[in-house]
Amino acid sequence: MKPAPFRYHSPGTLDEALALLAEHGAGAKVLAGGQSLGPMMNMRLAQPDALVDINAIAGLDYVREHEKTIEIGALTRHHAIATSPLVRAACPLLAEAARQIGHYAIRQRGTIGGSLAHADPAAQFPLACATLGAEITAAGAGRTRTIAASEFFLSLMSTALEPEEIIVSVTLPKAPTSEGQAYVQFSRRRGDFAIVALAATVRPDAGGHIDQVRLGVGGATDRPMVLAELADCTRGEKADSGWAARLAKAAYDAVAPIDTPRVPAEFRRELVHVLTRRVLVTALERARR
Amino acid sequence: MDTVDFELSVNGERHAVRAEPRKLLTDVLREDCRLTGTHVGCEHGVCGACTVLVDGRPARACLLYAVQMRGHEITTIEAIAKDGVLSPLQQALHEVHGLQCGFCTAGIVMTFEAYLKENPRPTEEEIRDVLSGNLCRCTGYQNIVEAVLKVVHA
(Lines give C-alpha, C1' and ligand atoms only; values in the text may rest on other atoms or scores of the structure.)
Protein backbone atom coordinates (compact mmCIF):
# COMPACT_ATOMS: atom_id res chain seq x y z
CA MET A 1 0.00 0.00 0.00
CA LYS A 2 2.91 2.33 -0.62
CA PRO A 3 3.35 4.05 -3.98
CA ALA A 4 6.11 2.97 -6.35
CA PRO A 5 9.06 5.38 -6.66
CA PHE A 6 8.61 8.46 -8.84
CA ARG A 7 10.39 11.69 -9.60
CA TYR A 8 8.69 14.66 -7.99
CA HIS A 9 8.43 18.11 -9.54
CA SER A 10 6.76 21.13 -8.07
CA PRO A 11 6.84 23.82 -10.75
CA GLY A 12 5.99 27.38 -9.78
CA THR A 13 4.46 28.36 -13.11
CA LEU A 14 2.16 26.80 -15.68
CA ASP A 15 4.85 27.11 -18.38
CA GLU A 16 7.30 25.13 -16.25
CA ALA A 17 4.66 22.49 -15.61
CA LEU A 18 3.90 22.19 -19.34
CA ALA A 19 7.62 21.91 -20.13
CA LEU A 20 7.95 19.10 -17.59
CA LEU A 21 4.99 17.25 -19.10
CA ALA A 22 6.44 17.66 -22.58
CA GLU A 23 9.76 16.31 -21.31
CA HIS A 24 8.33 13.26 -19.51
CA GLY A 25 5.56 12.45 -21.98
CA ALA A 26 2.97 9.86 -21.00
CA GLY A 27 5.15 8.70 -18.06
CA ALA A 28 4.24 11.79 -16.07
CA LYS A 29 1.03 12.48 -14.20
CA VAL A 30 -0.30 15.82 -13.07
CA LEU A 31 -0.88 15.90 -9.31
CA ALA A 32 -3.67 18.27 -8.26
CA GLY A 33 -5.72 17.31 -5.18
CA GLY A 34 -4.51 13.73 -5.32
CA GLN A 35 -7.75 12.30 -3.93
CA SER A 36 -8.07 9.81 -6.81
CA LEU A 37 -4.48 9.60 -8.02
CA GLY A 38 -3.21 9.06 -4.46
CA PRO A 39 -5.29 5.91 -3.81
CA MET A 40 -4.49 4.58 -7.28
CA MET A 41 -0.78 5.04 -6.64
CA ASN A 42 -0.95 3.59 -3.13
CA MET A 43 -2.65 0.53 -4.56
CA ARG A 44 -0.13 0.56 -7.44
CA LEU A 45 -2.89 0.74 -10.02
CA ALA A 46 -0.93 3.75 -11.25
CA GLN A 47 2.86 3.88 -11.27
CA PRO A 48 3.88 7.09 -13.03
CA ASP A 49 7.60 7.80 -13.55
CA ALA A 50 7.11 11.39 -12.50
CA LEU A 51 4.58 13.58 -10.76
CA VAL A 52 4.13 17.19 -11.75
CA ASP A 53 2.55 18.78 -8.68
CA ILE A 54 0.59 21.87 -9.77
CA ASN A 55 -0.44 22.96 -6.27
CA ALA A 56 2.27 25.62 -6.08
CA ILE A 57 1.15 27.33 -9.30
CA ALA A 58 -0.58 30.58 -8.44
CA GLY A 59 -3.66 31.78 -10.28
CA LEU A 60 -5.44 28.48 -10.93
CA ASP A 61 -7.76 28.67 -7.90
CA TYR A 62 -10.65 31.10 -8.48
CA VAL A 63 -14.32 31.55 -9.33
CA ARG A 64 -14.96 34.48 -11.69
CA GLU A 65 -18.17 35.95 -12.97
CA HIS A 66 -18.58 37.03 -16.59
CA GLU A 67 -21.66 38.43 -18.28
CA LYS A 68 -23.20 35.10 -19.27
CA THR A 69 -20.85 32.57 -17.71
CA ILE A 70 -18.87 31.72 -14.65
CA GLU A 71 -15.29 30.58 -14.94
CA ILE A 72 -13.68 28.27 -12.39
CA GLY A 73 -9.94 27.73 -12.11
CA ALA A 74 -8.81 24.12 -12.41
CA LEU A 75 -7.24 24.06 -8.95
CA THR A 76 -10.40 25.23 -7.18
CA ARG A 77 -11.25 22.77 -4.40
CA HIS A 78 -14.61 21.01 -4.21
CA HIS A 79 -15.38 22.64 -0.87
CA ALA A 80 -14.78 26.11 -2.32
CA ILE A 81 -17.14 25.35 -5.20
CA ALA A 82 -19.81 23.89 -2.91
CA THR A 83 -19.76 26.95 -0.67
CA SER A 84 -19.14 29.73 -3.23
CA PRO A 85 -22.09 32.17 -3.17
CA LEU A 86 -21.39 32.91 -6.84
CA VAL A 87 -21.56 29.25 -7.90
CA ARG A 88 -24.61 28.61 -5.74
CA ALA A 89 -26.45 31.50 -7.37
CA ALA A 90 -25.27 31.16 -10.97
CA CYS A 91 -24.76 27.43 -11.25
CA PRO A 92 -26.62 25.72 -8.40
CA LEU A 93 -26.39 22.27 -9.94
CA LEU A 94 -22.60 22.39 -9.75
CA ALA A 95 -22.61 23.45 -6.09
CA GLU A 96 -25.15 20.76 -5.24
CA ALA A 97 -23.01 18.13 -6.99
CA ALA A 98 -19.85 19.39 -5.27
CA ARG A 99 -21.45 19.02 -1.82
CA GLN A 100 -21.94 15.31 -2.48
CA ILE A 101 -18.37 14.46 -3.49
CA GLY A 102 -16.67 12.04 -1.10
CA HIS A 103 -16.33 13.42 2.40
CA TYR A 104 -15.56 16.73 4.11
CA ALA A 105 -11.78 16.18 4.21
CA ILE A 106 -11.72 14.90 0.62
CA ARG A 107 -13.56 18.02 -0.56
CA GLN A 108 -10.90 20.26 0.99
CA ARG A 109 -8.22 18.82 -1.32
CA GLY A 110 -9.93 17.53 -4.45
CA THR A 111 -10.06 19.91 -7.42
CA ILE A 112 -12.49 20.37 -10.30
CA GLY A 113 -9.72 20.10 -12.89
CA GLY A 114 -8.50 16.87 -11.34
CA SER A 115 -11.98 15.37 -11.24
CA LEU A 116 -12.61 16.19 -14.91
CA ALA A 117 -9.21 14.88 -16.03
CA HIS A 118 -9.69 11.69 -14.01
CA ALA A 119 -13.10 11.17 -15.69
CA ASP A 120 -14.60 8.58 -13.41
CA PRO A 121 -17.96 7.83 -15.05
CA ALA A 122 -19.72 7.97 -11.67
CA ALA A 123 -18.10 11.22 -10.52
CA GLN A 124 -20.14 14.35 -9.90
CA PHE A 125 -18.30 17.03 -11.87
CA PRO A 126 -18.09 15.20 -15.22
CA LEU A 127 -21.86 14.67 -15.13
CA ALA A 128 -22.61 18.22 -13.99
CA CYS A 129 -20.31 19.76 -16.60
CA ALA A 130 -21.61 17.58 -19.44
CA THR A 131 -25.23 18.33 -18.54
CA LEU A 132 -24.65 22.08 -18.19
CA GLY A 133 -22.77 22.32 -21.49
CA ALA A 134 -19.53 23.44 -19.86
CA GLU A 135 -16.38 24.26 -21.79
CA ILE A 136 -13.06 22.97 -20.57
CA THR A 137 -9.94 25.00 -21.31
CA ALA A 138 -6.65 23.13 -21.52
CA ALA A 139 -3.15 24.48 -21.95
CA GLY A 140 -0.45 22.62 -23.86
CA ALA A 141 3.04 23.60 -24.93
CA GLY A 142 2.50 26.76 -26.95
CA ARG A 143 -1.27 26.58 -27.25
CA THR A 144 -4.49 26.76 -25.29
CA ARG A 145 -7.69 25.17 -26.53
CA THR A 146 -11.26 24.88 -25.40
CA ILE A 147 -13.08 21.55 -25.48
CA ALA A 148 -16.84 21.16 -25.07
CA ALA A 149 -17.65 18.88 -22.13
CA SER A 150 -19.84 16.87 -24.53
CA GLU A 151 -16.70 15.98 -26.48
CA PHE A 152 -14.31 15.74 -23.55
CA PHE A 153 -15.26 12.41 -21.98
CA LEU A 154 -14.37 9.57 -24.33
CA SER A 155 -14.77 6.50 -22.16
CA LEU A 156 -14.02 5.10 -18.71
CA MET A 157 -11.30 7.40 -17.29
CA SER A 158 -10.40 8.49 -20.79
CA THR A 159 -10.64 12.06 -22.06
CA ALA A 160 -9.78 14.23 -25.05
CA LEU A 161 -6.87 15.65 -23.06
CA GLU A 162 -3.40 15.04 -24.53
CA PRO A 163 -0.68 13.74 -22.14
CA GLU A 164 1.16 17.07 -22.30
CA GLU A 165 -1.94 19.18 -21.59
CA ILE A 166 -3.24 20.56 -18.30
CA ILE A 167 -6.79 21.73 -17.66
CA VAL A 168 -6.64 25.37 -16.59
CA SER A 169 -10.29 26.33 -16.24
CA VAL A 170 -13.93 25.39 -16.75
CA THR A 171 -16.56 27.78 -18.06
CA LEU A 172 -20.25 27.22 -17.36
CA PRO A 173 -23.37 29.09 -18.44
CA LYS A 174 -25.15 31.12 -15.78
CA ALA A 175 -28.64 29.87 -15.08
CA PRO A 176 -31.42 32.32 -15.96
CA THR A 177 -33.78 33.08 -13.06
CA SER A 178 -36.57 31.10 -14.71
CA GLU A 179 -34.48 27.92 -14.64
CA GLY A 180 -34.45 25.25 -11.93
CA GLN A 181 -31.50 22.91 -11.53
CA ALA A 182 -31.02 19.73 -9.54
CA TYR A 183 -28.52 16.94 -8.97
CA VAL A 184 -29.43 13.65 -7.27
CA GLN A 185 -27.45 10.48 -6.78
CA PHE A 186 -27.88 7.06 -5.25
CA SER A 187 -25.06 5.34 -3.41
CA ARG A 188 -25.10 2.64 -0.77
CA ARG A 189 -23.09 4.64 1.78
CA ARG A 190 -22.62 8.36 2.24
CA GLY A 191 -19.58 9.51 0.33
CA ASP A 192 -19.37 6.52 -1.99
CA PHE A 193 -19.33 6.98 -5.72
CA ALA A 194 -22.83 7.10 -7.13
CA ILE A 195 -24.27 3.91 -8.56
CA VAL A 196 -26.43 6.21 -10.68
CA ALA A 197 -26.62 10.00 -10.64
CA LEU A 198 -28.91 12.40 -12.49
CA ALA A 199 -28.51 16.07 -13.31
CA ALA A 200 -31.19 18.30 -14.81
CA THR A 201 -32.04 21.87 -15.69
CA VAL A 202 -35.65 22.78 -16.38
CA ARG A 203 -36.90 26.05 -17.82
CA PRO A 204 -40.66 26.42 -18.09
CA ASP A 205 -42.11 29.33 -20.08
CA ALA A 206 -44.50 31.93 -18.65
CA GLY A 207 -47.48 29.75 -19.56
CA GLY A 208 -46.18 26.76 -17.59
CA HIS A 209 -44.97 24.72 -20.55
CA ILE A 210 -41.54 23.24 -21.03
CA ASP A 211 -39.23 25.65 -22.82
CA GLN A 212 -35.87 23.95 -22.28
CA VAL A 213 -34.69 20.82 -20.48
CA ARG A 214 -31.22 19.40 -20.06
CA LEU A 215 -30.90 15.91 -18.61
CA GLY A 216 -27.73 13.93 -17.88
CA VAL A 217 -27.12 10.44 -16.47
CA GLY A 218 -23.95 9.43 -14.65
CA GLY A 219 -22.73 6.06 -13.42
CA ALA A 220 -24.89 4.09 -15.83
CA THR A 221 -22.45 3.91 -18.72
CA ASP A 222 -18.75 4.48 -19.38
CA ARG A 223 -19.12 8.27 -19.42
CA PRO A 224 -21.71 10.89 -18.54
CA MET A 225 -24.60 10.63 -20.95
CA VAL A 226 -26.63 13.69 -21.93
CA LEU A 227 -30.11 12.80 -23.19
CA ALA A 228 -30.48 15.90 -25.32
CA GLU A 229 -32.90 14.57 -27.93
CA LEU A 230 -35.21 12.92 -25.41
CA ALA A 231 -35.35 16.12 -23.42
CA ASP A 232 -35.88 18.30 -26.51
CA CYS A 233 -38.84 16.15 -27.57
CA THR A 234 -40.77 17.29 -24.52
CA ARG A 235 -40.60 20.99 -25.43
CA GLY A 236 -44.03 22.56 -25.30
CA GLU A 237 -45.49 19.94 -22.96
CA LYS A 238 -47.23 21.08 -19.81
CA ALA A 239 -44.62 21.24 -17.04
CA ASP A 240 -46.07 18.89 -14.43
CA SER A 241 -45.49 15.56 -12.73
CA GLY A 242 -46.95 13.71 -15.73
CA TRP A 243 -44.27 15.22 -17.95
CA ALA A 244 -41.58 14.20 -15.45
CA ALA A 245 -42.93 10.62 -15.33
CA ARG A 246 -43.06 10.32 -19.14
CA LEU A 247 -39.52 11.65 -19.59
CA ALA A 248 -38.31 9.31 -16.81
CA LYS A 249 -39.84 6.34 -18.63
CA ALA A 250 -38.23 7.49 -21.87
CA ALA A 251 -34.85 7.68 -20.10
CA TYR A 252 -35.41 4.19 -18.66
CA ASP A 253 -36.04 2.89 -22.18
CA ALA A 254 -33.10 4.76 -23.72
CA VAL A 255 -30.27 3.97 -21.30
CA ALA A 256 -28.57 0.59 -21.53
CA PRO A 257 -26.48 0.53 -18.34
CA ILE A 258 -23.31 -1.42 -17.63
CA ASP A 259 -23.60 -4.71 -15.80
CA THR A 260 -21.21 -5.24 -12.89
CA PRO A 261 -21.00 -8.13 -10.41
CA ARG A 262 -22.54 -6.30 -7.50
CA VAL A 263 -24.82 -3.98 -9.46
CA PRO A 264 -26.84 -5.68 -12.19
CA ALA A 265 -27.78 -3.56 -15.20
CA GLU A 266 -31.48 -3.88 -14.41
CA PHE A 267 -30.96 -2.31 -10.98
CA ARG A 268 -29.18 0.62 -12.59
CA ARG A 269 -32.02 0.99 -15.11
CA GLU A 270 -34.55 1.12 -12.29
CA LEU A 271 -32.44 3.80 -10.64
CA VAL A 272 -32.35 5.79 -13.89
CA HIS A 273 -36.15 5.62 -13.93
CA VAL A 274 -36.70 6.64 -10.32
CA LEU A 275 -33.96 9.27 -10.12
CA THR A 276 -34.88 10.91 -13.44
CA ARG A 277 -38.39 11.55 -12.20
CA ARG A 278 -37.01 12.81 -8.90
CA VAL A 279 -34.45 15.14 -10.45
CA LEU A 280 -36.99 16.59 -12.91
CA VAL A 281 -39.63 17.21 -10.24
CA THR A 282 -37.04 18.85 -7.98
CA ALA A 283 -35.67 21.05 -10.77
CA LEU A 284 -39.21 22.05 -11.79
CA GLU A 285 -40.13 22.98 -8.22
CA ARG A 286 -37.04 25.14 -8.00
CA ALA A 287 -37.85 26.82 -11.33
CA ARG A 288 -41.23 27.86 -9.94
CA ARG A 289 -39.76 29.44 -6.82
CA MET B 1 15.78 5.79 -5.26
CA ASP B 2 16.87 9.35 -4.59
CA THR B 3 15.92 11.02 -1.38
CA VAL B 4 15.19 14.69 -0.97
CA ASP B 5 15.90 16.94 2.00
CA PHE B 6 13.22 19.29 3.15
CA GLU B 7 11.76 20.98 6.19
CA LEU B 8 8.38 20.13 7.57
CA SER B 9 6.51 22.37 9.98
CA VAL B 10 4.41 20.26 12.33
CA ASN B 11 2.54 21.72 15.29
CA GLY B 12 4.74 24.82 15.05
CA GLU B 13 7.98 22.86 15.18
CA ARG B 14 10.41 22.47 12.32
CA HIS B 15 11.59 18.99 11.37
CA ALA B 16 14.44 18.33 8.98
CA VAL B 17 13.39 15.37 6.85
CA ARG B 18 15.29 13.24 4.36
CA ALA B 19 12.90 10.99 2.49
CA GLU B 20 11.99 9.63 -0.91
CA PRO B 21 9.34 11.76 -2.64
CA ARG B 22 6.99 8.79 -2.49
CA LYS B 23 7.03 8.68 1.29
CA LEU B 24 3.53 9.42 2.55
CA LEU B 25 2.93 12.16 5.08
CA THR B 26 1.53 9.51 7.45
CA ASP B 27 4.83 7.63 7.45
CA VAL B 28 6.99 10.73 7.77
CA LEU B 29 4.90 11.96 10.71
CA ARG B 30 5.11 8.61 12.46
CA GLU B 31 8.64 7.49 11.56
CA ASP B 32 10.64 10.68 11.03
CA CYS B 33 8.82 13.11 13.34
CA ARG B 34 8.00 10.38 15.88
CA LEU B 35 4.42 11.61 16.11
CA THR B 36 2.46 8.38 16.27
CA GLY B 37 -0.89 9.90 17.20
CA THR B 38 -1.79 10.01 13.50
CA HIS B 39 -3.04 6.51 12.77
CA VAL B 40 -2.73 4.56 9.54
CA GLY B 41 -5.88 2.67 8.64
CA CYS B 42 -6.75 1.92 5.05
CA GLU B 43 -4.00 3.92 3.35
CA HIS B 44 -6.19 4.88 0.44
CA GLY B 45 -8.25 7.75 1.72
CA VAL B 46 -11.36 5.89 2.79
CA CYS B 47 -11.17 5.46 6.58
CA GLY B 48 -10.13 8.92 7.75
CA ALA B 49 -7.96 7.63 10.61
CA CYS B 50 -4.93 9.61 9.35
CA THR B 51 -6.75 12.96 9.04
CA VAL B 52 -4.51 15.92 9.92
CA LEU B 53 -4.82 19.63 9.26
CA VAL B 54 -2.91 21.29 6.43
CA ASP B 55 -3.01 25.06 6.92
CA GLY B 56 -6.03 24.50 9.11
CA ARG B 57 -7.99 22.38 6.62
CA PRO B 58 -8.51 18.64 7.18
CA ALA B 59 -6.72 16.27 4.82
CA ARG B 60 -5.95 12.58 4.55
CA ALA B 61 -2.25 12.31 5.40
CA CYS B 62 -2.09 9.01 3.46
CA LEU B 63 -2.98 10.89 0.25
CA LEU B 64 -0.21 13.44 0.63
CA TYR B 65 3.45 13.00 -0.06
CA ALA B 66 5.41 14.63 2.74
CA VAL B 67 7.56 16.47 0.20
CA GLN B 68 4.44 18.36 -0.91
CA MET B 69 4.11 19.94 2.52
CA ARG B 70 7.08 22.28 2.25
CA GLY B 71 5.83 25.74 3.12
CA HIS B 72 2.66 24.45 4.75
CA GLU B 73 1.73 24.13 8.42
CA ILE B 74 0.65 20.70 9.56
CA THR B 75 -1.33 20.15 12.73
CA THR B 76 -1.66 16.70 14.26
CA ILE B 77 -3.60 15.29 17.19
CA GLU B 78 -0.58 15.88 19.45
CA ALA B 79 -1.26 19.63 19.32
CA ILE B 80 -4.93 19.50 20.27
CA ALA B 81 -4.70 19.14 24.05
CA LYS B 82 -3.03 22.24 25.48
CA ASP B 83 -0.78 21.85 28.54
CA GLY B 84 -2.42 18.56 29.40
CA VAL B 85 -5.94 20.00 29.14
CA LEU B 86 -8.16 18.19 26.66
CA SER B 87 -9.94 20.16 23.94
CA PRO B 88 -13.72 20.52 24.41
CA LEU B 89 -14.35 17.71 21.92
CA GLN B 90 -11.74 15.42 23.48
CA GLN B 91 -13.27 16.08 26.90
CA ALA B 92 -16.79 15.40 25.57
CA LEU B 93 -15.66 12.17 23.90
CA HIS B 94 -14.21 11.12 27.24
CA GLU B 95 -17.37 11.99 29.15
CA VAL B 96 -19.92 10.29 26.90
CA HIS B 97 -17.78 7.25 26.09
CA GLY B 98 -17.30 8.42 22.52
CA LEU B 99 -14.36 6.13 21.93
CA GLN B 100 -14.02 2.41 22.31
CA CYS B 101 -10.73 1.08 20.89
CA GLY B 102 -9.71 4.65 20.04
CA PHE B 103 -8.08 3.87 16.72
CA CYS B 104 -10.31 6.21 14.69
CA THR B 105 -10.52 8.91 17.37
CA ALA B 106 -7.57 11.06 16.34
CA GLY B 107 -8.91 11.40 12.80
CA ILE B 108 -12.35 12.29 14.10
CA VAL B 109 -11.00 14.93 16.47
CA MET B 110 -8.95 16.51 13.66
CA THR B 111 -11.90 16.51 11.25
CA PHE B 112 -14.21 18.23 13.72
CA GLU B 113 -11.46 20.56 14.93
CA ALA B 114 -11.70 22.17 11.49
CA TYR B 115 -15.40 21.64 10.85
CA LEU B 116 -16.63 23.23 14.08
CA LYS B 117 -14.57 26.32 13.31
CA GLU B 118 -16.35 26.61 9.97
CA ASN B 119 -19.78 25.68 11.34
CA PRO B 120 -19.93 26.04 15.15
CA ARG B 121 -23.66 25.16 15.33
CA PRO B 122 -24.21 22.15 13.10
CA THR B 123 -27.38 20.07 13.20
CA GLU B 124 -27.18 16.39 14.06
CA GLU B 125 -27.70 15.63 10.36
CA GLU B 126 -24.74 17.83 9.44
CA ILE B 127 -22.60 16.19 12.12
CA ARG B 128 -23.47 12.74 10.78
CA ASP B 129 -22.67 13.89 7.25
CA VAL B 130 -19.19 15.06 8.27
CA LEU B 131 -18.64 11.97 10.44
CA SER B 132 -19.38 9.76 7.41
CA GLY B 133 -15.78 10.41 6.35
CA ASN B 134 -14.36 8.67 9.42
CA LEU B 135 -14.88 4.95 9.85
CA CYS B 136 -15.25 3.55 13.37
CA ARG B 137 -15.01 -0.24 13.23
CA CYS B 138 -16.29 -0.52 16.80
CA THR B 139 -19.31 1.17 15.16
CA GLY B 140 -19.60 3.49 18.13
CA TYR B 141 -20.99 6.36 16.09
CA GLN B 142 -23.91 7.13 18.39
CA ASN B 143 -21.70 8.33 21.22
CA ILE B 144 -19.37 10.17 18.87
CA VAL B 145 -22.36 12.14 17.56
CA GLU B 146 -23.44 12.77 21.15
CA ALA B 147 -19.98 14.08 22.02
CA VAL B 148 -20.03 16.56 19.14
CA LEU B 149 -23.56 17.63 20.07
CA LYS B 150 -22.39 18.17 23.62
CA VAL B 151 -19.69 20.56 22.38
CA VAL B 152 -22.14 22.32 20.08
CA HIS B 153 -24.68 22.86 22.85
CA ALA B 154 -22.14 23.75 25.54
Side-chain angles (χ1 to χ4, degrees), chain A residues 1-12 28-29 31-58 61 77-80 82-83 99-111 114 187-193, chain B residues 1-4 6 19-27 40-72 107-108 110-116 118-119 122 125-135:
Chain A
M1 299 298 283
K2 311 287 182 193
F6 55 82
R7 279 193 299 276
Y8 174 77
H9 302 281
S10 180
K29 273 281 180 193
L31 174 62
Q35 303 300 287
S36 296
L37 183 58
M40 289 178 73
M41 286 178 60
N42 286 4
M43 292 189 275
R44 305 234 173 163
L45 297 170
Q47 301 191 21
D49 303 325
L51 284 187
V52 178
D53 183 354
I54 60 170
N55 284 282
I57 301 175
D61 178 357
R77 314 284 166 177
H78 304 332
H79 185 70
T83 54
R99 274 200 298 283
Q100 295 179 55
I101 300 173
H103 304 284
Y104 185 65
I106 302 290
R107 294 193 291 273
Q108 310 294 326
R109 291 292 305 174
T111 69
S187 51
R188 290 224 167 88
R189 290 165 299 251
R190 190 94 56 121
D192 278 8
F193 273 103
Chain B
M1 194 65 187
D2 296 342
T3 58
V4 283
F6 55 94
E20 286 182 52
R22 66 169 171 154
K23 193 160 184 180
L24 301 172
L25 179 60
T26 39
D27 293 333
V40 181
C42 71
E43 231 168 26
H44 61 276
V46 171
C47 78
C50 68
T51 304
V52 298
L53 304 185
V54 176
D55 302 328
R57 311 303 306 173
R60 308 292 206 225
C62 73
L63 299 186
L64 291 167
Y65 308 105
V67 66
Q68 287 186 275
M69 294 293 101
R70 286 177 292 197
H72 296 280
I108 289 169
M110 298 316 289
T111 302
F112 280 94
E113 181 72 18
Y115 180 68
L116 292 176
E118 180 184 345
N119 183 9
E125 172 61 21
E126 288 172 324
I127 292 168
R128 286 181 182 275
D129 182 47
V130 172
L131 188 57
S132 73
N134 293 80
L135 297 183

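Any value given below was found using the heavy atoms of this structure, including those in side chains, with hydrogens, waters and symmetry copies removed. So that the names make sense, note that chain A is the first sequence line, chain B the second, and so on, each numbered from 1.
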> So which of A:G38, A:S10, A:P39 has the biggest tally of heavy-atom pairs under 4.5 Å with chain B?
Replying inline: A:P39
>> Using a 4.5 angstrom heavy-atom cutoff, name the option from A:L37, A:T83, A:I106 with the most pairs to chain B.
In response: A:I106
Report which part of [X] has an atom under 4.5 Å of a heavy atom belonging to chain A: side chain, backbone, both, or neither.
| X | answer |
| --- | --- |
| B:E118 | side chain |
| B:D129 | both |
| B:L131 | neither |

Between [X] and chain B, with a heavy-atom cut-off of 4.5 Å, which part of the residue counts as in contact: side chain, backbone, both or neither?
| X | value |
| --- | --- |
| A:M40 | neither |
| A:R77 | neither |
| A:A4 | backbone |
| A:M1 | both |

> Picking from B:P58, B:C42, B:G45, which has the most non-hydrogen pairs under 4.5 angstrom with chain A?
Replying inline: B:P58
> So which of B:V67, B:L64, B:V130 has the largest heavy-atom pair count under 4.5 angstrom toward chain A?
Replying inline: B:V67
>> For a quick test of reading the model, state the closest non-hydrogen atom pair linking A:R190 to B:S132 and the distance between them.
In response: CG-OG, 3.4 Å
> Considering all heavy atoms of both residues, which atom of B:R60 and which atom of A:A105 are nearest to each other, and what is their separation?
Replying inline: NH1-CB, 3.7 Å
Once rounded to the nearest 0.5 Å, what's the spacing between atom [atom1] of [X] and atom [atom2] of [Y]?
| X | Y | atom1 | atom2 | answer |
| --- | --- | --- | --- | --- |
| B:R22 | A:Q47 | CZ | CD | 10.0 Å |
| B:Q68 | A:L31 | CD | CG | 4.5 Å |
| A:K2 | B:L24 | NZ | CG | 5.5 Å |
| A:L51 | B:Y65 | CG | OH | 5.5 Å |

>> Under the rule for ring-ring contact (aromatic ring centres under 6.0 Å, His included), what residues qualify as partners of A:H79, not counting sequence neighbours?
In response: A:Y104
> With A:H78, which residues qualify under ring-ring contact (aromatic ring centres under 6.0 Å, His included), at least two apart?
Replying inline: A:F125
> Short question: side chain of A:N42, backbone of B:E43 - any donor-acceptor pair under 3.5 Å?
Replying inline: yes
>> Keeping A:R109 on the side-chain end and B:A59 on the backbone end, is there a donor-acceptor pair under 3.5 Å?
In response: no
